[in-house]
Visitor: 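Please read through the structure below; I'll follow up with questions.
Atom set for the values below is all heavy atoms of this structure, side chains included, hydrogens, waters and symmetry mates excluded. Order of the sequence lines sets the chain letters (A, B, ...), proteins ahead of strands, with each chain counted from 1.
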Amino acid sequence: MSEVSHREREQRARAAREKRAAFGPDLDLGKYEHAVEEQGYLADLSAVPADERQTLLDTGIVLDGTRQRSATFILKDQSPIHFSTKQEDVEVLSLSQALKTHDWLDQYLWRAIEVDADKYTAHVALEHTDGYFIRSLPGARTTLPVQACLYLGHKKLAQRVHNVIIAEENSELHIITGCSSHPMSTGLHLGVSEFYVKKGARLSFTMIHNWAPGVEVRPRSAAIIEENGVFMSNYLALKPVHAIQMYPSARCVGPNARARFNSVLVALQGSRIDSGSRILLDSPGSKGEIISRTISNGGEIIARGDIQGNAVDVKGHLECRGLILGESGMIRAIPELTGRLARVDLSHEAAVGKIAEEEVEYLMSRGLTRDQATAMIVRGFLKVDIEGLPPELDKEIQKAMEESEGELF
Amino acid sequence: MLEIENLSVAIGDKPILHDVCLSVPKGETHVLFGPNGSGKTTLLMAIMGFPRYRVITGKIWFLGQDITDLPMDERARLGVGMSFQRPPAVRGVKTRDILRSLDPNAGVQNEILEVARQLSLEELIDREINHGFSGGEIKRSELLQLFAQAPRLVLLDEPESGVDLVNMALVGQMTNRLLQKDLRRTRSRSGLIITHTGHILDYVNAIRGYVMIEGKLWSEGNPLDMLDCIKRSGYKECMSCQR
Ligand SMILES: Nc1ncnc2c1ncn2[C@@H]1O[C@H](COP(=O)(O)OP(=O)(O)OP(=O)(O)O)[C@@H](O)[C@H]1O
Ligand SMILES: [Mg+2]
């Protein structure tokens, strides 16, 4: 990339420094700390303290016996403290390291996401920011997932992360990312993630959020999917958080590209989640699906969904289902569909409500107590059938669900 | 086993059942006839304990215990089990989940899976319960759950409606097994079955029948004779045949 365009990018970011995000409460970045002491590199993962190890485990990150993972990346506060891969055809590096290794990588930065989207993207662009670089080489087939972990330890830190993920032509890549923080943290997480799915590649990205009641979360992610590529995002936010606002998008730019977002969100008392998914079907024959299951047990959830059909023979479906468990709490489902041509096929279904008493009673007539019946229905509600995930990931998702049940009943 | 004394039941403010008396001894199966809307389902739902079916007066005794005010799940655990006329679909919950919750014991679970096989439900038990089930599948799935529940009193609301001719034999035989036909002397399970067509009577040895009309139990007698009478001259005529 030329000096000119670098300068232009910086100018755009500067101009957006105060730009409010389209959604979510506006945050004063001045309230946070931005510089922390660098964390040293950890070659040996057994040096991670026991309490942090458990927090990581809750987000699907395993440090012992990493046999179930093909590669590992760990970032603490602002510093990548570990990255290693056991598979030759999967690269896992810190972004800063990768930029030194690959001179072509610069052109992938801020391509999926506009640098001046809002003050958060601008902030990440203007301050020195590291993150992970994960790339499956052409034709690579990994069924064991790559695990990446982002940990926010410092109390009032505005954690910045910039990740780039590339699935090269005809490769298959599965990633599980666990994001967590110290339980007493009052920090902010700003995560920019850019996904590039090349021709015929399949990329699944499973993200488990496990923040703390004081943490603000503003991820900014987007994917670009080429011909016959498949992008699948699974997002689970089941634990208390102060507020999450995100609206990841996927753009199908090649014929027959596919994108799917599954999200399972639980908002307990005091949590506010504003989460959406957007799919732009820009190429003939592309397909998109957005499925969300939300539960409020006193907290507030806005579940957005947006599918835009901009090419012929595209197909999109959006499904938002919300369950209100407590007496208070709020769920707002906002599904949007836009067709710009005759030959598009877009549909949605949305439903928000409490558990149907008739269903609870049916199970109670079999001898289940009200609590058991409710738990069975909620468990069933949260179970989104996710196709095409390797069993290791399926297991992690089930585990995260089971652990969250304790907080619902 | 089951004693019902002068039971009156309302749904909301609407009185449905009036002064119903009924007694089903241990090991016996009784049958309930009656026109559409007469209150048969209401009676079963009230025995099961659905809160929407409000007992105004009267009492329900089960195994010598007054269960009139007992919550439904406790009645179920005491041994009242019901097959529903139109059970709701429960999204995300599989029949297998319910079977497992009824009987966590793995060994017994295998017996239940064998029953599932005999009822041709092996594939169905991994689908969301009642969601998109055909009429006949619903009836067989209800029966399967009762096998897992192993209740002492079996309440069946039209177990044969929507069941095709071939499956009727299957449902009939399995119902018979549920009611411990082979046990003759030591039979301890009781049944109360609602039927319009009486097909189930070809399989089940029911010894007493009732006709319900407009929320009242009118006559009482041999179920097969009563069925004949109803077929010949209608429910109203049958009101006066016996009792
Ligand atoms: N929720 C309700 N609100 C008002 N009326 C109701 C309600 N549920 C049932 N009923 C009425 O109660 C009466 C008895 O209904 P019930 O279902 O017990 O009849 P049934 O004898 O089982 O009829 P069928 O042979 O058609 O199944 C009917 O008139 C019915 O419309
Ligand atoms: Mg009925």
Visitor: Locate the shortest heavy-atom distance separating A:Gly367 from B:Arg77; write the atom from each residue and the value.
Guide: O-NH1, 2.9 Å
Visitor: Provide the closest heavy-atom pair for B:Arg91 versus A:Arg321 in the form atom of the first, atom of the second, distance.
Guide: CB-NH2, 3.5 Å
Visitor: Within the supplied structure, the quantity of interest is the number of heavy atoms (other residues, nucleotides, ligands) at a distance under 6.0 Å from B:Arg127 CZ; does it exceed 12?
Guide: yes
Visitor: Does the pair A:Ser365 and B:Met48 meet the rule for a side-chain contact (heavy atoms from CB on, under 4.5 Å), with working shown?
Guide: CA-CA 7 Å; A:Ser365 78; B:Met48 191 66 242; 4.2 Å; yes
Visitor: With a 4.5 Å cut-off on side-chain heavy atoms, are B:Pro88 and A:Glu358 touching?
Guide: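 In short, these two side chains touch, coming nearer than 4.5 Å.
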Visitor: Answer with side chain, backbone, both or neither: which region of A:Ile355 has an atom nearer than 4.5 Å to a non-hydrogen atom of chain B?
Guide: neither
Visitor: Which heavy-atom pair separates B:Met72 from A:Met364 by the least distance, and what is that distance?
Guide: CE-CB, 4.0 Å
Visitor: What option among B:Ala89, B:Gly92, B:Pro151, B:Ala148 has the most heavy-atom pairs under 4.5 Å with chain A?
Guide: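 So the answer, after comparing B:Ala89, B:Gly92, B:Pro151, B:Ala148, is B:Gly92.
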Visitor: Give, as side chain, backbone, both or neither, the part of B:Leu78 having an atom under 4.5 angstrom from any heavy atom of chain A.
Guide: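 For B:Leu78, there is no contact with chain A at all, as no heavy atom is under 4.5 Å.
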Visitor: For residues A:Thr369 and B:Asp73, report the shortest heavy-atom separation together with the two atoms involved.
Guide: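 So the minimum-distance heavy-atom pair works out to CA-OD2, 3.4 Å.
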Visitor: Looking at every non-hydrogen atom in both residues, tell me the closest pair between A:Met376 and B:Val93 and how far apart they are.
Guide: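 Here A:Met376 and B:Val93 meet closest at O-CG2, 3.4 Å.
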